[in-house]
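For ligands, and for the atoms within them, numbers begin at 1 and follow the listed sequence. For this chain, numbers begin at 1 and follow the sequence in order. Source: prediction; values computed, not measured.
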Amino acid sequence: MSVQSRLPPPFTEEHEQLREAIRRFVDTELAPRAREWEDDRWFPNDVFARLAELGWLGLKYPEEYGGEGGDYVHDAVFTEELSRCGSGGLAAGIGAHIGIATPPIWKFGTEDQKQRFLAPAIRGEKIAALGISEPDAGSDVAGIRTHAKRVDGGYVVNGAKTFITNGVRADFVVTAVKTTDEGGHHGISFLVVEKGMDGYSVSRKLEKMGWHASDTGELAFADVFVPEENLLGEENKGFYLIMANFQWERLLMSLGAVGAMQRLLETTIEYATERRAFGRPIAGHQVIRHKITDMAVKLERGRAVTYNALRLFANGHDALREVTAAKLITQRDCFEVADEAVQIHGGAGYMKEYDVERAARDARLGPIGGGTDEIMREILAKQLGL
Ligand SMILES: Cc1cc2nc3c(=O)[nH]c(=O)nc-3n(C[C@H](O)[C@H](O)[C@H](O)COP(=O)(O)OP(=O)(O)OC[C@H]3O[C@@H](n4cnc5c(N)ncnc54)[C@H](O)[C@@H]3O)c2cc1C
């Protein structure tokens, strides 16, 4: 199936050329290794290096830090196409690095922090993670307990983080901490915690339902001294940073779901036209045709709401409602599309070698990660004045 060529806004001809290049690369260099990385429960760090070499870790970042000087739409194209690799885990690891952990450094960091963290991250030399969630606080972000006490020249951090993508391999973690006793909306700050700092450790690599190629870590902080030059943004203004980051994260997740649904649709059409039952290809049975049609409709609506949200976001508008709606629609739809793909593949769909079972497991994270469906509905309810 051809690359989308009708150029819906905000995509330009240049974005589409990038799309073609990324798709070729993903299809030839990443997709063939998805199964191996799934089995290894890890994808190698060389993937960061290779993507950096191609310039794709720094698409939206300024050239002075080694980026390509592009825009959010370039990153959006990359994210959508990357998800075609068929490994939610790989897409998550790369996405956490360029999509959620480094943007706060770009937006809120000092020049020194940009040189120490952003530039090497763009070069693929340092790997980044974002540490917000804790054993006792996920949706309720303001309820985090990890605490940073002000001391001479910096902070002493105590606490724990969990479910952190890239947490095991990360060279630095953009970490949310309480900098007042009360914490909450006016008492959270961000510190960049670096691998090798005394008292900082990865306590566990977590086993998951899907996203097997990614490492998801539980992190421990026991009297970790973090120098004040690693304070990111203003003290006690961290909640603002979290909120600013969420929109882009949710948009990226929506784009990833669109790319994944596209791939699932293509794979399923191919299978349904080849596989025969009762004397004809299974696509010749009306019920299967209709299931596939419903998958295509979910893809179409997901693409429409996501591109609309992206257009607004990329043009600097407040797109809270549109991004939230896109995240809500696409994540559940993607899981349902993957589940239907498994059904249409029959017994083969349940087997590892057909890859759709992995897609279904990977897609189940969508309605949970980056803010659950319930939280998306709460945000939308507030927008409706409820
Ligand atoms: C594979 C994976 C990777 C992740 N990567 C990262 C990462 O890199 N960095 C990071 O910081 N976090 C990460 N997370 C954490 C993720 O963002 C949280 O899991 C998510 O926000 C939900 O938080 P929770 O798990 O604590 O669930 P909880 O907040 O405990 O929620 C449990 C249930 O209660 C519901 N609920 C909670 N509050 C309300 C409410 N007000 N109204 C209605 N229902 C409600 C939720 O919707 C959910 O169904 C990751 C999680 C996973 C599973």
Peer 1: Is there a nitrogen or oxygen of Trp211 sitting under 3.5 Å from a nitrogen or oxygen of ligand 1?
Peer 2: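 No, no N or O pair falls under 3.5 Å.
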
Peer 1: Would you mind running through ligand 1 and noting each atom that sits below 4.0 Å from a heavy atom of Ser133?
Peer 2: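 Once the distances to Ser133 are compared, the set is 10 (C), 11 (O), 12 (N), 13 (C), 14 (N), 15 (C), 16 (C), 17 (O).
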
Peer 1: Between Ile132 and ligand 1, does any nitrogen or oxygen pair lie at a separation below 3.5 Å?
Peer 2: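 So ligand 1 has an N or O lying under 3.5 Å from an N or O of Ile132.
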
Peer 1: Taking only heavy atoms of Ile164 into account, list the atoms of ligand 1 that are under 4.0 Å away from them.
Peer 2: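 Here the atoms of ligand 1 in question are 7 (C), 8 (O), 9 (N), 10 (C), 11 (O).
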
Peer 1: Which is it for Arg50 and Glu53 under the salt bridge (Lys or Arg N to Asp or Glu O under 4.0 Å) test, yes or no, and what are the steps along the way?
Peer 2: CA-CA 5 Å; Arg50 180 79 178 106; Glu53 195 187 337; 3.6 Å; yes

Peer 1: Show me the side-chain donor-acceptor pairs of residues 279-288 shorter than 3.5 Å, one per line, residues at least two apart or across chains.
Peer 2:
residue, atom, partner, partner atom, Å
Arg280, NH1, Gly284, O, 3.2
His285, NE2, Ala277, O, 3.0

Peer 1: Any N/O of Ile100 closer than 3.5 Å to an N/O of ligand 1?
Peer 2: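 By distance alone, the answer is no.
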
Peer 1: Short N/O distance, under 3.5 Å, between Thr162 and ligand 1?
Peer 2: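 Such a contact does not occur with ligand 1.
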
Peer 1: With respect to atom 43 (C) of ligand 1, which of Glu374, Met376, Arg377 exhibits the smallest heavy-atom separation?
Peer 2: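 Among Glu374, Met376, Arg377, the closest heavy atom to atom 43 (C) of ligand 1 belongs to Glu374.
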
Peer 1: Can you tell which of Gly138, Ser214, Gly370, Ala381 gets a heavy atom nearest to atom 17 (O) of ligand 1?
Peer 2: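 Looking at heavy atoms only, Gly370 sits closest to atom 17 (O) of ligand 1.
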
Peer 1: Taking all non-hydrogen atoms of both residues, which atom of Leu231 and which atom of Leu191 are closest, and how far apart?
Peer 2: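 So the minimum-distance heavy-atom pair works out to CA-CD2, 3.7 Å.
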
Peer 1: I'd like to check which ligand 1 atoms, numbered from 1 as shown, lie under 4.0 Å from a non-hydrogen atom of Ile368.
Peer 2: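 Those qualifying, in numeric order: 20 (C).
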
Peer 1: Geometry only, no angles: is Lys208 polar-contacting ligand 1 at N/O separations under 3.5 Å?
Peer 2: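 No: no nitrogen or oxygen of Lys208 is under 3.5 Å from one in ligand 1.
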
Peer 1: Who passes ring-ring contact (aromatic ring centres under 6.0 Å, His included) against Trp106, sequence neighbours left out?
Peer 2: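 ring-ring contact (aromatic ring centres under 6.0 Å, His included) list for Trp106, sorted by chain: Tyr61.
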
Peer 1: Can you find an N/O atom of Gly131 closer than 3.5 Å to an N/O atom of ligand 1?
Peer 2: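 It does not: no N or O of Gly131 is found under 3.5 Å from an N or O of ligand 1.
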
Peer 1: Between Phe172 and Tyr200, is the ring centre distance below 6.0 Å?
Peer 2: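 No, too far apart.
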
Peer 1: Below 3.5 Å, N or O to N or O, backbone or side chain included: is there any such pair between Ser139 and ligand 1?
Peer 2: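 Checking ligand 1 against Ser139, an N or O pair does fall under 3.5 Å apart.
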
Peer 1: With salt bridge (Lys or Arg N to Asp or Glu O under 4.0 Å) as the test, pick out the partner of Arg116 among Glu194, Glu229, Glu111, Glu125.
Peer 2: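 The option that passes is Glu194.
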
Peer 1: I need the nearest protein heavy-atom contact for atom 6 (C) of ligand 1: residue, atom name and distance, please.
Peer 2: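 Ranking protein heavy atoms by distance from atom 6 (C) of ligand 1, first comes Phe163 O, 2.8 Å.
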
Peer 1: Using a 4.0 Å heavy-atom cut-off, which part of Leu365 comes near ligand 1: side chain, backbone, both, or neither?
Peer 2: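 It is the side chain that gets close, since no backbone atom is under 4.0 Å.
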
Peer 1: What do the steps show when you test Thr180 against His186 for side-chain contact (heavy atoms from CB on, under 4.5 Å), and what is the final call?
Peer 2: CA-CA 8 Å; Thr180 63; His186 305 292; over 6 Å; no

Peer 1: Within a distance under 4.0 Å of any heavy atom of Thr372, pick out the atoms of ligand 1 and give their elements.
Peer 2: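 That gives atoms 22 (C), 46 (C), 47 (O) of ligand 1.
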
Peer 1: List the atom of Ala128, the atom of Asn166, and the distance in Å for their closest heavy-atom pair.
Peer 2: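 Heavy-atom minimum between the residues: O-ND2, 3.0 Å.
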
Peer 1: I'd like to know if the side chain of Glu134 pairs up with that of Thr146 as donor and acceptor (distance under 3.5 Å, no hydrogens or angles considered).
Peer 2: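 Indeed, the side chains of Glu134 and Thr146 share at least one donor-acceptor pair under 3.5 Å.
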
Peer 1: Considering only protein heavy atoms, determine whether one is less than 4.0 Å from atom 34 (O) of ligand 1.
Peer 2: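 No; the ligand atom in question lacks any protein heavy-atom contact below 4.0 Å.
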
Peer 1: Quick one: closest heavy-atom pair of Glu38 and Ala213, and the distance?
Peer 2: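 Heavy atoms of Glu38 and Ala213 come nearest at OE1-N, 4.1 Å.
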
Peer 1: Judged on heavy-atom distance to atom 8 (O) of ligand 1, which of Ile144, Asp362, Thr165 sits nearest?
Peer 2: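 Result: the heavy atom closest to atom 8 (O) of ligand 1 is in Thr165.
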
